[in-house]
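Since the structure comes first, as structure tokens, the remarks are kept for the end.
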There are 4 protein chains.
Amino acid sequence: MPEHVKTPDPARRSERSRQAILTAATELVSEVGYQKLTIEGVASRAGVGKQTIYRWWPDKGAVVLDAYLALTNADAGLTFPTTDDLEADLRLVLTSTVGQLADASFARFYRSLLTAIQNDEKLARQLNERLLGPWLEATKERLRVAVRAGEIADADLDAAVDLFYGSFYYRWLLRTGPLSTEYCDSVVALLLRALRP
Amino acid sequence: MPEHVKTPDPARRSERSRQAILTAATELVSEVGYQKLTIEGVASRAGVGKQTIYRWWPDKGAVVLDAYLALTNADAGLTFPTTDDLEADLRLVLTSTVGQLADASFARFYRSLLTAIQNDEKLARQLNERLLGPWLEATKERLRVAVRAGEIADADLDAAVDLFYGSFYYRWLLRTGPLSTEYCDSVVALLLRALRP
Amino acid sequence: MPEHVKTPDPARRSERSRQAILTAATELVSEVGYQKLTIEGVASRAGVGKQTIYRWWPDKGAVVLDAYLALTNADAGLTFPTTDDLEADLRLVLTSTVGQLADASFARFYRSLLTAIQNDEKLARQLNERLLGPWLEATKERLRVAVRAGEIADADLDAAVDLFYGSFYYRWLLRTGPLSTEYCDSVVALLLRALRP
Amino acid sequence: MPEHVKTPDPARRSERSRQAILTAATELVSEVGYQKLTIEGVASRAGVGKQTIYRWWPDKGAVVLDAYLALTNADAGLTFPTTDDLEADLRLVLTSTVGQLADASFARFYRSLLTAIQNDEKLARQLNERLLGPWLEATKERLRVAVRAGEIADADLDAAVDLFYGSFYYRWLLRTGPLSTEYCDSVVALLLRALRP
DNA sequence: AGGTAACCGAGACGGTACGTCCCGTCTTCTC
DNA sequence: GAGAAGACGGGACGTACCGTCTCGGTTACCT
């Protein structure tokens, strides 16, 4: 497997350029959306040659993912709220997500990301590994705590977290209805009924 | 307000061309995906001038939506399975969807459509009016039947159908896990627990 | 020989664009020279898409050749001066060429053209057919008139015209010395000595 | 006028690199021609950093000139054939040049060089000083010998050598006709007629 | 003999232009 | 007047090189 693709040397990478590119991508995805975002636009706004982008990222999806992760500090640890009130914890997670998505530019950004993974399995895998997976695991861990406390039944937690987040994202992505606090309450209520011992 | 936009006369529209365009779009979206599908490609494959497409559709999203609707005969009535076994009915709906999505080219097509609506609110509205909305309503109607039969509690049905479909689409769109019959069973089981009287 | 290269239809060609392109090329080659002339620059100055250039010309050499021919009206007939004084006729041809080359922008243009043919045999052939060949033939014809009049010997006229023009272009292209009226006189004098009966 | 351009120290120059660069340039100009030769290509083939080229040569024209001079050992003395037969001497010079140009890779090289000087006056001057000038002078000296011997008239020798070489290069550079032994004979014959006492 | 300045290979960088693809509009000719 | 065909001005693609720069490493001179 010779692979003559001449991979660049990360040690020599310009941190200044990397930052400028991620910042430019973040701004542009908020301003014009993912589809209309162009590599040329990012390069120009970042004051960077196009090649510098192509050298380190395979396509614009990868740039946008990195920009999103940088923005949300995703690689830093994330913790699921864990008080002694399961219902309140679940409600908090949904309502704070509603709060984030109320910011139109964040919403556009996140929607872009989820659009991008539809056409790029590699990107989807990365998103899962670095963002969704850990978060789903944290959610399941919170539920396991509740199971051990006897608050909920020992059900199929994989399906449970899908019900939890899925109902929510379903509305948002397919735009079948508005997201509201009441809606969050309904979802949490139904989920807890499904999981009651 | 005269509006000089010179709208074409639908009476003179060529049915032959319309069909050819929808067929070409269907094939191409299966072959190359939504992002790489081009209006020029559709026109060429359909043996049609580009103007004929632009005359009748505003953009490629609308073409793909029409192609999808034509393919699934969506405008023809759709009926939710309604036997005397609610659990079986729900399970049937999910498993038959799993069956459809197992066809890679259909999956690609459907995924394309959902990608397209992320960047086009008008398209999202149309999809809701012509496809998702009626189907969600049919689902709720099935649940209302069960409520009247005393099989399930009189819960927030809007949230309930979101749990039902959402968990499913969440997995599929975000690629967080595989779709399987067992998974369908789990979702239905949890939903019924949430709705039991 | 199927040849699926999709050749464009000359009947639909935009004359306005063609003119704009040739004009822009003429100006740019005078301003910046052949090497620094870019297709993008020509397109931009002409207010034309790049594809419109690539559709009708294979490369910038061909554009520059056409621009030169349009400038010099070369396709219109050209006549070699033919009075009853051979020496004056020959001298006139050289001195008027000196005059043309004194215009720096014309000189740059012509030099560009001759540069271009060094790396493009096809272009060289076209230049010969449309410009150099007819002119060399006209020169030989003038000499044949003189032969018939008994003014000069019946020598190898091909070599004779090469001596005539070659000495001249040799100086100019290789920059071994300046072009002057006296130099023209010397060349004509030597040539006539070589050809005297 | 301090001039802070930091000129490199020729004493420390790597002879190995210099040779490798000239060799690589020679090969590449033969293989791909002057236009398609790139500094990066030369550096890569020579196993040399680009900076090492830019440090010692201003541009690729200069590299190619040096490569040509190294190839032809031009800086070593060159002598014009001087027997007691002027006609044979002249004929020998032309026919041996024909011989050299029959080598396609040499021809491409030489043509490249002459292309390069069209867009670079400084290079043209260097070529004249180091190659063309001495050779034209040697030719004129041979003719002066003939003048002193009474073999030819005391004409304008500058113009005479231009006739001699010009006719030849005119054909070759402008590709108006083939170079052959007969052609050489014709040129020499005409020149001698022009110069006969 | 050790220190240091310069050349060297390598190659990342901000750029420019390449030649191609497709956009959405416009024009021409046919049915 | 709708439609097939496709030229047009334009914008972005991903690639190739430009000429500059920065980075260790390796000489070669100079204390």
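Just so you know, these numbers come straight off a predicted model, no measurement behind them. Residue numbers begin at 1 in each chain, while the letters A, B, ... track the order of the sequences.
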So D/Gly47, base contact, sugar-phosphate only, or nothing? Heavy-atom distance under 4.0 Å.
sugar-phosphate
Could you give the CG-to-P distance, from A/Leu37 to F/dG11, as a whole number of Å?
17 Å
Kindly check if the number of other-residue, nucleotide or ligand heavy atoms within 6.0 Å of CZ (D/Arg55) is above 12?
yes
Assess the residue pair C/Val64 and C/Phe109 against the criterion (side-chain contact (heavy atoms from CB on, under 4.5 Å)); give the C-alpha distance rounded to whole Å, side-chain angles, the decisive distance to 0.1 Å, and a yes or no.
CA-CA 8 Å; C/Val64 169; C/Phe109 198 163; 3.7 Å; yes
Using only side-chain N and O atoms of C/Thr52, determine if any of them is under 4.0 Å from OP1 or OP2 of F/dA7.
no
A/Arg13 atom CZ is separated from E/dC13 atom P, nearest whole Å, by 8 Å
Rounded off to whole Å, could you give me the CD1-to-C1' distance for the B/Ile53 and F/dG3 pair?
12 Å
Would you say CZ of A/Arg13 has more than 12 non-hydrogen atoms from neighbouring residues, nucleotides or ligands within 6.0 angstrom?
yes
Does OP1 or OP2 of F/dG3 have a side-chain N or O of B/Trp56 closer than 4.0 Å?
yes
What is the distance, rounded to the nearest whole Å, between atom CD of D/Gln35 and atom P of F/dC17?
14 Å
Going through the checks in order, is the side-chain contact (heavy atoms from CB on, under 4.5 Å) test met by B/Arg111 and B/Phe106?
CA-CA 8 Å; B/Arg111 202 182 280 276; B/Phe106 175 84; over 6 Å; no
When rounded to whole Å, the CZ to C1' distance for the pair D/Arg16 and E/dG9 reads 12 Å
Look at the side-chain N and O atoms of C/Ser17 and state whether any lies under 4.0 Å from the OP1 or OP2 oxygen of F/dA7.
no
Just to be sure I understand the rule, does D/Arg55 reach a base, reach only the sugar-phosphate, or reach nothing, if contact means heavy atoms closer than 4.0 Å?
base
Roughly how many Å is it from CZ in A/Arg18 to P in E/dA12, rounded to a whole number?
17 Å
If you count the non-hydrogen atoms of other residues, nucleotides and ligands that lie under 6.0 Å from CD in D/Glu121, is the total more than 12?
no
Given that A/Gly41 and B/Gly49 both sit by DNA chain F, which one's nearest nucleotide is further toward the 5' end?
B/Gly49
Does B/Ser14 have a side-chain nitrogen or oxygen under 4.0 Å from the phosphate oxygens OP1 or OP2 of F/dA2?
no
Letter by letter from the 5' end, nucleotides 24-31 of chain E scores (B base, S sugar-phosphate only, - none; protein heavy atoms under 4.0 Å) BBBBB---
Test side-chain contact (heavy atoms from CB on, under 4.5 Å) applied to A/Ser44 - qualifying residues, sequence neighbours left out
none
Between C/Ala46 and A/Thr38, which has a closest nucleotide on DNA chain F that is more 5'?
C/Ala46
Does the plane of the ring in A/Tyr68 sit parallel, tilted or perpendicular to the ring in A/Tyr110? Use 30° and 60° as the thresholds.
parallel
Starting at CH2 of C/Trp57 and ending at P of E/dT20, how long is that distance when rounded to a whole Å?
16 Å
Atom CD of A/Glu15 and atom P of E/dA12: how far apart are they, to the nearest Å?
16 Å
